[in-house]
Amino acid sequence: MIDLRSDTVTTPSEAMREAARDAAVGDDVYRDDPTVNELEARAADLVGMEAALFVPSGTMGNQVAARTHTDRGEEILLDEQAHLYKWELGGLAQLSSLQTRTIDCGDRSVPTPEQIEDGYVEESLHRPGTGLVAVENTHNSRGGVAVPKGHIDAAADAAHDLGVPVHLDGARLFNACVALDTDPTEMVENVDTVMFCLSKGLGAPVGSMLAGPEEFVDRARRNRKLFGGAMRQAGMIAGPGLLALENVDRLADDHENARRLAEGLNDVPGLSVPTPDTNIVMVDSADAGLSGDEFADLCHDAGIQCGAFGPTTVRLCTHLDVSRSDVAEAVERIAQAMDAA
Ligand SMILES: *Cc1c(COP(=O)(O)O)cnc(C)c1O
């Protein structure tokens, strides 16, 4: 099986397993774990923020951020395809009592300044007020779109002009930075907080980082505890996380593999595959008369794992454990299966 379901399926390298075994540890709730402390310092430095917090998952990082930025009943303004809204079990409502106001950001993937001005709600006797604007880069549901810094900055400036803070869901922040050749510190320069995952393309087994101003991270630490994410000898997972940070530059290989995968599949009659910005390839199987589920089943029978993402779309991800030859093999097997179908 060639597993293209997600870049979350990578397994830790030998070096990561050794780093887990050999990590210096302590009780992180007492701030006694030197490996976690080092990871938090390195992560903050990498994005040019004052501080960072180690969290067990990207979902927790986003939800803790939303909770920390807002008061109950406020509105959060974000794209209707945002992970925070679409794929986190309604956590904004369940965990932070937020009202969600969604915008269709289309191909741009982040709101325009006008959309933020239109969607903004001023607090009054009758209205809750906008407490947070959230943006996403790369944008997962829109196909791994790498959003240029200029568009992030324009959204952040518009929100800040209205006195509203901005959180960046950067689960795949470094994919965006590598694809656009933008330094991470520049990419996040104008947002207030950013979450990024160690467990996706960077290959760590567990964990994400939430970075921002020190005062924010201190409050986020309390909310992490509230959400059940305060951990003890977490150096065991922070050690591999430190090694994951060394995998940033190689994301370019995943992007190149994704381009080859998309080009190969686009040549298969019945499939339509736009050129990806990063490591996420979206295949539309409508012209072949196949639903997303049917196409995913066909791939599965041909030895390729992937998942339906819409009525006639399937998502395929390249990652650390997928080689150039795996990609060529996947294209060949899918082409043959489509021919036989
Ligand atoms: C994967 C993902 C998350 C959540 O990360 P988990 O570690 O799976 O909880 C958040 N945002 C985006 C854009 C993602 O792709």
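Start at 1 and go down the list; that is how both ligands and their atoms are numbered.
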Residue pairs, two or more places apart or on separate chains, that pass side chain to side chain donor-acceptor pair (under 3.5 Å) and touch residues 234-251
Arg250-Asp254
Verify whether one side chain among Asp284 and Thr313 offers a donor that lies under 3.5 Å from an acceptor in the other.
no
Residue pairs meeting side chain to side chain donor-acceptor pair (under 3.5 Å), one or both in residues 326-341, sequence neighbours left out, come to Ser323-Asp326, Glu329-Arg333
Output yes when Arg142 and Asp104 qualify as a salt bridge under the 4.0 Å nitrogen-oxygen rule, no when they do not.
yes
Sub-4.0 Å heavy-atom environment of ligand 1, residues by chain:
Ser57, Gly58, Thr59, Asn62, His83, Glu88, Glu136, Asn140, Asp169, Ala171, Arg172, Met195, Cys197, Lys200
Those residues that, when tested against Glu215, pass salt bridge (Lys or Arg N to Asp or Glu O under 4.0 Å) (two or more places apart):
Arg219
Might you work through the side-chain hydrogen bond (donor to acceptor under 3.5 Å, both in side chains) test for Ser291 and Asp293, ending with a clear yes or no?
CA-CA 5 Å; Ser291 70; Asp293 281 324; 5.2 Å; no
